A.B. asks: 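Would you mind keeping the following structure in view while I ask a few things?
Here is the naming used below: chain letters follow the sequence lines, and residue numbers restart at 1 for every chain. Everything numeric here is computed off the predicted structure, so don't read it as measured data.
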Protein chains: 2
Amino acid sequence: MSEHTPTHEQVAISLDDRSYDIHIGQSLLSRQGAWAGLPKAQTAMIVTNDTIAPLYEAALRSAITPHYKQIHTVVLPDGEAHKDWQTLNLIFDALLAKGCDRKTVLFALGGGVIGDMTGFAAASYMRGVPFVQVPTTLLSQVDSSVGGKTAINHPLGKNMIGAFYQPVRVVCDLNTLQTLPPRELSAGLAEVIKYGPIADMAFLDWIEANIGALMAQDPKALAHAVKRSCEIKAWVVGQDEREAGLRAILNFGHTFGHAIEAGLGFGVWLHGEAVGCGMVMAAELSHRLGKVDAAFVARLKALIASAGLPMRGPVIDAADNAGHYIEHMRLDKKAIGGDIQFVVIDGPGQAVVCSAPDALVRDVINACCA
Amino acid sequence: MSEHTPTHEQVAISLDDRSYDIHIGQSLLSRQGAWAGLPKAQTAMIVTNDTIAPLYEAALRSAITPHYKQIHTVVLPDGEAHKDWQTLNLIFDALLAKGCDRKTVLFALGGGVIGDMTGFAAASYMRGVPFVQVPTTLLSQVDSSVGGKTAINHPLGKNMIGAFYQPVRVVCDLNTLQTLPPRELSAGLAEVIKYGPIADMAFLDWIEANIGALMAQDPKALAHAVKRSCEIKAWVVGQDEREAGLRAILNFGHTFGHAIEAGLGFGVWLHGEAVGCGMVMAAELSHRLGKVDAAFVARLKALIASAGLPMRGPVIDAADNAGHYIEHMRLDKKAIGGDIQFVVIDGPGQAVVCSAPDALVRDVINACCA
């Protein structure tokens, strides 16, 4: 490939009649090749937020204009705090007000919150319309836009109401990462780092060697990080679409992380920040369960710090912080009969789901919170 | 079978790994055979309404007690007017407040509104938990509890937000029909009658011959009506679970009917009442399209009248009633690009989906509304 040809690679997700491709490349928003062959319809609806709309809505609209007679846009308020029913309902209101039918294609233009909400709206509007993920953050490109998990939050827990509903395509324009604020870049790197300890230690080596380039938003480094992350996620989701088993390993760091997000209130920490810190706790738990050595924990902590992520959890309740975390974790979707299920590292590059004694979990939380 | 052995028959719905049985019989609420072999869980949640709870909640609770450690109940306000997000959220609130996990089994105890809302809650809670339909009205036993359509209403349209999500079992206790108010019995008969013209003229003959027994709530007549209706529905849904084609014929009378329900406000007419009147309009449209003769329309009208159902549509807008109906029908889920799709009778016992000239539709509405 010549130095001047922008990249355009594809990763396939194989799920029978729900299979689709992830397109990854530079300037995809403005390249026709990324938008051909989608389901035919008279109408498209772009769902985005007030931060992303001024940056990319016009480009996406222009790219898909040849394919639809009418293109509507609904602009939601930005942020995890708005990942709720009230905001979701703004999408339904717009779809109905514009007379959108069951062939209408939804385009989720934004980060994880937009993707999760648009996906759930697509799953539920008229019991299901097609949708396309157009993730504009590193976190959504490497994780949330791929695999069909959609949801909104409930005041009592994250992602408690949702559906498994696959997009018909994912289009990752790497150029959109150039406008990403540093905090969001770090949050995305947390989900990139995740794939190493659970599935691919060679990728962890590569991330360590390239963390400087990634933090500097080097396009080539970001391109490889997105592609390899999507490949690992595609491999996992292809085997276990609805999280009956294997797929749960993708939640490494998320059990502790969700407790941080729910405990502080959604949106105070970014999801990726909570996951980064949650991975430190989960690695510490893995170590105390005798599954990895202290050097492994130290290595992961160092990488998480290099990615600009918080390494220590917040004290949410000064009187009984560990109890507060545990109370939130009992509501985690993986919990069974009140028994919290943790994703732990079962030796480098492999993860398993298991429970752990409360006392041990308390020790981990107390050791890991500031 | 001895005269004193209560009936217990089963109709199978074949949908690969989503297959399940419909149990139909007397006193099933109190018979262990109807409740064995459901998915194992520590917790069950009964969802019902304030009319049904005093009648049957204790019986259902007692029937399933051997299978679950904890059984919770959430009681919703009764009626189509409450088939909305606010009421649905009461189910999520209860599930989370009680710490229900992703294995928790939901039991929908009530009519179509309870079944549709509980089904959508089950589809969405933690992205999907198992649920059992325990329909207590004729309408829900013969139609809405079978086939996995779940939904809530939106102010702009009926069943606009929902999911295709199959129950793990349907248990129709015919004894619950004995407490059914006459208006609800008639509403249920509308959906029973529907199966004749679209699929089985011999069944239509039987209904005509037994309409008196059905109106008198004769247990044997009701048992046959429920079983034959479920068999026809199982046959249709087994071929087209997600309404890509054939399944749409089950919406005979529903396009006009939804316009009545939405136009008057949900709950003013019962769903079955609107469908009964909607079938008269759809039959009239079929006739004017040259598909059935006037005698067929007259025959269907007479049967609908014998079932105690309204035969003339309401005038919703004195200035332009037909326009008002058409405006609502353009939002129907079957409409494509604003083109209303009607289910019409294509000769006795067969239905097709087609569009029709606006002028003709106006004539039908003007001829059929009081």
A.B. asks: What part of A:Q70 gets within 4.5 angstrom of chain B, counting heavy atoms only: side chain, backbone, both, or neither?
C.D. replies: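 Contact with chain B is absent: no heavy atom of A:Q70 under 4.5 Å.
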
A.B. asks: Picking from A:Y125, A:Y165, A:F164, which has the most non-hydrogen pairs under 4.5 angstrom with chain B?
C.D. replies: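 Sorted descending by pairs with chain B, the first entry is A:F164.
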
A.B. asks: What is the minimum heavy-atom distance between B:R127 and A:A151, and which atoms define it?
C.D. replies: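 For B:R127 and A:A151, the tightest heavy-atom pair comes out as NH2-CB, 3.7 Å.
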
A.B. asks: Taking atom CG of A:D101 and atom CZ of B:R330, what is their separation to the nearest 0.5 Å?
C.D. replies: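 With rounding to 0.5 Å, CG (A:D101) is 12.5 Å from CZ (B:R330).
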
A.B. asks: Looking at A:K103, A:Q42, A:K149, which one has more heavy-atom pairs under 4.5 Å with chain B than the rest?
C.D. replies: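 Option with the greatest count: A:K149.
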
A.B. asks: So which of A:L96, A:D332, A:I336, A:T43 has the largest heavy-atom pair count under 4.5 angstrom toward chain B?
C.D. replies: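 It is A:L96.
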
A.B. asks: Relative to chain B, which segment of A:T150 carries a heavy atom at a distance below 4.5 Å: side chain, backbone, both, or neither?
C.D. replies: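 Only the backbone of A:T150 comes within 4.5 Å of chain B.
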
A.B. asks: Do the side chains of A:H154 and B:D93 get nearer than 4.5 Å, heavy atoms only?
C.D. replies: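 Counting from C-beta outward, B:D93 and A:H154 do come under 4.5 Å.
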
A.B. asks: Of the non-hydrogen atoms in B:M126 and A:L331, which two are nearest, and what is the gap between them?
C.D. replies: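 Smallest interatomic distance, heavy atoms only, reads CE-O, 3.8 Å.
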
A.B. asks: For A:K69, is it the side chain, the backbone, both or neither that has a heavy atom under 4.5 Å from a heavy atom of chain B?
C.D. replies: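 Neither part.
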
A.B. asks: If we define contacts as heavy-atom pairs under 4.5 Å, which of B:G99, B:G162, B:G157 has the most with chain A?
C.D. replies: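 The residue among B:G99, B:G162, B:G157 with the greatest pair count is B:G162.
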
